[in-house]
Amino acid sequence: MAPNDRQGNIRVFAVSDPAALAKAAVERIVARIAANGGRVAICLAGGSSPKQLYQLLATGRLSRPDPVDRVHWFVGDERFVRRAIPQQHGDARSVFLDRCAPAANIHPIPTDGADPHEAARRYERELKSFYGAQALDRARPLFDVVLLGVGPDGHTASLFPGYPALEETERWVIGVPKANVEPFIPRSP
C-alpha cells in the first residue's frame with residue numbers, strides 16, 4: 001500500500017496478507033473521511049480482489065449514517081454486463097454499497113447502453129458535475145481516496161498495457177470496446 005503523506009510524498013508500507021491489507025485500507029479510508037469535514041469522494045476498485053475490504057466497510061464504522069451521508073462512492077471501471085451479474089461493480093455494490101450507502105451517493109458508470117464510448121461520455125459529465133468544473137485543478141483532486149487493483153496483465157482501472165487509452169490526456173473517462181483479459185467484454189474506465 002502506498003499512500004501519500006501531506007506533502008505529496010509516497011510512503012510505502014508492507015502488510016502480511018490480504019486480510020491485513022483490507023484492514024489497513026479501511027483504516028486509511030476512515031481516517032481520510034474523518035480528516036475531511038465536508039463532502040468526500042471515494043473511487044472504488046472493481047473486480048473481486050477488494051471483497052474483504054468491502055466486507056469490512058459494510059460491517060465496520062462506516063455502516064453508521066454519519067459520516068456515510070456525506071461520502072460519495074464512484075466506480076473506477078465498469079464492465080458492460082447486466083446489473084444482476086456480480087461482475088458489474090465487482091463486490092462493491094452487493095457486499096457494501098447497496099447495504100450501507102444512500103442511493104443518491106452512489107455514482108456508477110452507466111452501462112445501460114450498448115456503447116462503452118457513450119457510457120464514458122455520460123460518466124464524464126457526471127464527474128464534471130460533481131466536481132463543479134470542466135477541468136481538473138491539480139490543487140483540488142476529484143477524489144479523496146482511489147482504490148486500484150492490478151490485473152494479471154498489469155492493467156488497472158481497465159487501462160490495459162499498450163491500449164490507446166493510456167495516451168489520452170483530455171478526457172476524464174474513456175470507453176474500452178474490448179478487454180485484453182477475461183472476461184473479454186467492453187468496459188469504461
Side-chain angles (χ1 to χ4, degrees), residues 1-13 21-22 24-47 49-54 56-58 60-63 66-79 88-93 95-98 100-111 119-151 155-159 165-166 168-176 187-189:
M1 216 162 128
N4 289 350
D5 63 15
R6 295 205 181 267
Q7 290 79 36
N9 299 314
I10 294 176
R11 294 181 302 136
V12 177
F13 60 94
L21 178 60
V26 167
E27 289 170 356
R28 302 284 308 166
I29 290 169
V30 169
R32 199 69 173 169
I33 292 169
N36 183 342
R39 182 175 76 171
V40 178
I42 298 177
C43 184
L44 301 175
S49 359
K51 184 174 185 172
Q52 288 182 347
L53 165 67
Y54 299 144
L56 287 175
L57 286 172
R61 293 177 273 181
L62 289 180
S63 61
D66 184 48
V68 171
D69 287 344
R70 63 187 177 83
V71 179
H72 288 259
W73 304 95
F74 294 82
V75 179
D77 68 335
E78 199 68 276
R79 295 174 180 172
Q88 185 181 25
H89 306 287
D91 291 307
R93 196 76 190 232
V95 171
F96 171 57
L97 292 174
D98 286 345
C100 301
N105 292 21
I106 301 171
H107 305 270
I109 295 172
T111 60
R121 285 188 287 275
R122 288 171 54 197
Y123 200 53
E124 182 171 341
R125 285 192 299 269
E126 168 93 10
L127 293 175
K128 288 178 177 181
S129 174
F130 179 84
Y131 187 71
Q134 293 297 305
L136 290 170
D137 177 352
R138 289 182 151 244
R140 185 174 69 105
L142 171 59
F143 300 117
D144 296 279
V145 176
V146 177
L147 300 174
L148 295 172
V150 179
H155 81 273
T156 188
S158 291
L159 296 170
L166 295 175
E168 178 60 52
T169 60
E170 299 297 318
R171 301 212 30 218
W172 293 23
V173 184
I174 190 162
V176 176
R187 303 175 183 206
S188 285

K.L.:
Mind listing the closest non-hydrogen atom pair of P102 and D69 along with its distance?
P.N.:
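Heavy-atom minimum between the residues: CG-OD1, 3.5 Å.
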K.L.:
Give the C-alpha distance, both sets of side-chain angles, the deciding distance and a yes or no for side-chain contact (heavy atoms from CB on, under 4.5 Å) between L44 and L97.
P.N.:
CA-CA 10 Å; L44 301 175; L97 292 174; 3.8 Å; yes
K.L.:
If you define the side chain from C-beta out and look only at heavy atoms, does anything of W73 sit under 4.5 Å from H107?
P.N.:
no
K.L.:
Please indicate whether K128 has more than 12 foreign heavy atoms, meaning atoms of other residues, nucleotides or ligands, lying under 6.0 Å from its NZ.
P.N.:
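Count over threshold, so yes.
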K.L.:
Any side-chain heavy-atom pair from L127 and L142 closer than 4.5 angstrom?
P.N.:
yes
K.L.:
So which pairs with a foot in residues 129-147 pass side-chain hydrogen bond (donor to acceptor under 3.5 Å, both in side chains), sequence neighbours left out?
P.N.:
N36-D144
K.L.:
Locate the shortest heavy-atom distance separating P110 from A119; write the atom from each residue and the value.
P.N.:
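Nearest pair, atom of P110 first, then A119: O-CB, 3.0 Å.
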K.L.:
Within a strict 4.5 Å, meaning less than it, do heavy atoms of the I33 and R70 side chains meet?
P.N.:
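A side-chain contact under 4.5 Å exists here.
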K.L.:
Using a 6.0 Å distance limit plus a 45 degree cone around the ring axis, check whether R39 lies over the aromatic ring of F130.
P.N.:
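That pair qualifies as a cation-pi contact.
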K.L.:
Taking Y123 for the side chain and V75 for the main chain, is one N or O donor matched with an acceptor at less than 3.5 Å?
P.N.:
yes
K.L.:
May I ask you to test the I29-L53 pair for a side-chain heavy-atom distance under 4.5 Å?
P.N.:
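Yes, at least one pair of side-chain atoms sits under 4.5 Å.
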K.L.:
Where do A58 and F96 come nearest, in terms of heavy atoms and distance?
P.N.:
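That would be N-CD1, 3.6 Å.
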K.L.:
For a quick test of reading the model, state the closest non-hydrogen atom pair linking V95 to Y54 and the distance between them.
P.N.:
CG1-C, 3.7 Å
K.L.:
Hey, does L136 have a side-chain heavy atom less than 4.5 Å from the side chain of W172?
P.N.:
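With C-beta onward as the side chain, the pair touches.
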K.L.:
Working to the nearest 0.5 Å, report the span between CG of N105 and CZ of F74.
P.N.:
9.0 Å
K.L.:
A120 and R171: which non-hydrogen atoms are nearest, and at how many Å?
P.N.:
CB-NH2, 3.8 Å
K.L.:
Atom CG in L56, atom NZ in K51: separation rounded to 0.5 Å?
P.N.:
12.5 Å
